[in-house]
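Counting starts at 1 for both ligands and their atoms, in listed order.
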Amino acid sequence: MHLFCTPSILKCLAFLSLFNVALAASATDWLSRSIYQVLTDRFALTDDAGTPCDTAPQLYCNGTFKGIVNHLEYIQAMGFDAIWISPVVTNLEGNSAGEGDAYHGYWTQDITTINKHFGTSDDLKALSKALHSRGMYLMLDVVINHFASFGLPNDTTISAYGTFNAPDLFHPQCFISDYNNQTNVEQCWLGDTTVALADLNTESQTVIDGWNKWITGMVSEYSLDGLRIDTLKHVRKPFWPAFQQAAGVYAVGEVLINDTSYASDYSNFIDGVLDYPGYYALTQAFSSTSGNMSLLLETSHQTQSLYKNGAFSTAAFLENHDQPRFQSTVHDQSLVKNAMTWSFVTDAIPILYQGQEQGYGGGNVPANREALWLSAYVTSNTLHGHVTSLNSARKAAIAANSSYTSVPMVVSSPSESTILVSKLPMLAFMSNVGAFGSYNAVGGGYQPNEALVETLSCKTLNADGNGNINFASTDGLPMVCEFL
Ligand code: ABC
Ligand code: CA
């Protein structure tokens, strides 16, 4: 059994959240949510057969929308109130030599139909409905930048693309060769000659109108609450505001870059941006007992000053389906727990990639895309408990302070191995001293002698006469403190 305590304010919240659906979900609505990233093909089988799934050949393992519906309780019981699922449209069928098949959903072929491997259009609607009846949100991953082709596409390939079926709706073929040249990044192609990602001419009015009409239709047909936009930086910035408006719901874009000033400018064109620069700083800070904490501090201060709405403009993550899992290189469970804590205690919307709670440790793509059913969805392991406690602490803080999702956090680094996030009533200490290290930290802002709870250990404590807490850890574990 993991330790898990519920601050008193949370006890009436499960009931209230049932009324929290139906209207189009805005950025503000999403700020209090926490997102569980589902890789649809690898999350749950329809029949729970426990079939093996070898990640190496990159083939479909047969996870479905119905499988997700059957395991929503698993996700919600950890405290998540939103899921992000893989792209759902019909993809290239068949196997490419070397890069496998389209189990991840990013090899678009026809945006008017649903990928039959994941289920039917009705199955997707049933998933949306099942989520909403639990007070949860559905975020759909959408690929706007490209369509896919085995080998370079010819006129016949393109004429089969349905909505965008003419060569002049695509940029002339060239693979991206210079990431320092933004025109090259926007107008040349991702992929390679095995699987080419034919780059749409997103300057063309036909393409703009086609996408805007499509997204309006998708949001309405499947009652979507939010979007994760793939390859955001590969489409010119002015394309996005009209697209976001046509969607009418919150959208967070993927800008894969370790550069805060580059990534942050996108927050002027779309609601949210996945915090990749923060990801790089976070993984580095907790990579070992000599990780660079000042880089994390500096990056988070830049995030606060450069994004349109500070860190509220971002969604934070420690893992995703494109990066090696944290535990592929870090094994010290104290470091792991500290690194996991960060996304849940900052101003960002937290995202957890399926399998992290099961301690999965796959390295680079495709090893990091392990099937979750192989874990049997057990709830007994330590990290599962850790995630549950973090979500619970975050929800309690949001419930206790009406400006929790609008007043910026204060981040400081009291020593070279510790970082402190203050977002009253929550005070979170993280450190990279590791399981054999110890640290002391002081934080304040409470009432004199106020009764508090350390939510990860469930221990109660009191602020001192000045409203401070003096915290000593002998095992390097993080601490997340709030009102009892
Ligand atoms: C497959 C294989 C790979 C193989 C590749 C050629 O083909 O799995 O092993 O290398 C999907 C699949 C992938 C598949 C691709 C291509 O399609 O999931 O498995 O790869 O067929 C998104 C999605 C991703 C998805 C796609 C395509 C896009 O999250 O799952 O991939 O729809 C670029 C894009 C980014 C994209 C990513 C895969 O590629 O920008 O949107 N992700 C630099 C560039 C980045 C670039 C990155 C990786 O390299 O700046 O733009 O991402 O190629 C930092 C720097 C960064 C630097 C990183 C590596 O280091 O600051 O700039 O990123 O320090
Ligand atoms: Ca492009």
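Across all their heavy atoms, V195 and L92 have their closest contact at CG1-CD1, 4.4 Å.
Between E254 and T231, the closest side-chain pair of non-hydrogen atoms falls below 4.5 Å. Taking 4.5 Å as the limit, some side-chain heavy atom of I215 sits within range of a side-chain heavy atom of F243. Within the 4.5 Å cutoff, no side-chain heavy atoms of T206 are placed close to those of F164.
Within ligand 1, the atoms closer than 4.0 Å to a non-hydrogen atom of Y280 are 54 (C), 58 (C), 60 (O), numbered from 1 in the order shown. Residue T231 has at least one heavy-atom neighbour below 4.0 Å for each of these atoms of ligand 1: 28 (C), 41 (O). The atoms of ligand 1 that sit less than 4.0 Å from any heavy atom of V365 are 8 (O), 19 (O). Listed by atom number, the atoms of ligand 1 under 4.0 Å from K233 heavy atoms are 40 (O), 44 (C), 45 (C), 50 (O), 51 (O).
Scanning all protein heavy atoms for the shortest distance to atom 25 (C) of ligand 1 gives Y106 CG, 3.6 Å. Ranking the protein heavy atoms by distance from atom 23 (C) of ligand 1 puts D230 OD1, 3.0 Å first. Protein heavy atom at the shortest distance from atom 34 (C) of ligand 1 is H234 NE2, 3.3 Å. Nearest protein heavy-atom neighbour of atom 62 (O) of ligand 1: I257 CD1, 3.7 Å. The shortest contact between atom 36 (C) of ligand 1 and any protein heavy atom is with E254 OE2, 3.6 Å. Nearest protein heavy-atom contact of atom 52 (O) of ligand 1 is L256 CD1, 3.2 Å. The protein non-hydrogen atom at the shortest distance from atom 16 (C) of ligand 1 is W107 NE1, 4.0 Å. For atom 46 (C) of ligand 1, the nearest non-hydrogen atom of the protein is Y179 OH, 3.8 Å.
Looking at D322 against ligand 1, only its side chain comes within 4.0 Å, counting heavy atoms. Residue-level proximity to ligand 1 for R228 is carried by the side chain, the only part with a heavy atom below 4.0 angstrom. Residue D192 touches ligand 1 through its side chain alone, judged by heavy-atom distances below 4.0 Å.
Below 3.5 Å of separation, one finds an N or O of N258 facing an N or O of ligand 1.
For atom 4 (C) of ligand 1, the nearest protein heavy atom lies 4.0 Å or farther away. Protein heavy atoms are absent from the space less than 4.0 angstrom from atom 43 (C) of ligand 1. Distance check for atom 49 (O) of ligand 1: every protein heavy atom is found at 4.0 Å or beyond. Distance check for atom 32 (O) of ligand 1: a protein heavy atom is found below 4.0 Å. Distance check on atom 38 (C) of ligand 1: every protein heavy atom falls at or beyond the 4.0 Å cut-off.
Looking at residues two or more places apart in sequence or on another chain, you find a side chain to side chain contact (heavy atoms under 4.5 Å, CB included) between S294 and N292.
When only modelled atom types and interatomic distance are considered, T194 and S96 share no side-chain donor-acceptor pair under 3.5 Å. In this structure, a donor-acceptor pair under 3.5 Å is absent between the side chains of S86 and Y103. Using a 3.5 Å distance cut-off with no hydrogens or angles, the side chains of W84 and D141 do pair a donor with an acceptor. A donor atom on one side chain and an acceptor atom on the other are found under 3.5 Å apart for D48 and H71. If you check the side chains of E357 and Y36, you find a donor sitting under 3.5 Å from an acceptor. In the model, H104 has no side-chain atom that pairs as donor or acceptor with a side-chain atom of Q58 under 3.5 Å.
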Next item on the list: Carefully, step by step, assess N320 and Y276 under the rule side chain to side chain donor-acceptor pair (under 3.5 Å).
Entry: CA-CA 11 Å; N320 66 30; Y276 253 110; 2.9 Å; yes

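With distances taken over non-hydrogen atoms, the option nearest atom 19 (O) of ligand 1 out of Q58, E99, R369, H146 is R369.
Using modelled atom types, no side-chain atom of D123 and backbone atom of K66 make a donor-acceptor pair closer than 3.5 Å.
Of the candidates Q354, E319, H321, R228, Q37 forms a side-chain hydrogen bond (donor to acceptor under 3.5 Å, both in side chains) with just one, namely H321. Just one residue in the list L296, L318, V336, V330 forms a side-chain contact (heavy atoms from CB on, under 4.5 Å) with F286, and that residue is L296.
Residue contacts with ligand 1: Y276 is excluded, as none of its non-hydrogen atoms falls under 4.0 Å.
Between the Ca ion (ligand 2) and the N, O or S atoms of H234, the shortest distance is to O. Checked against the Ca ion (ligand 2), the N, O or S atom of E186 at the shortest distance is O.
For residue Q187, no N/O/S atom approaches the Ca ion (ligand 2) to within less than 3.0 Å.
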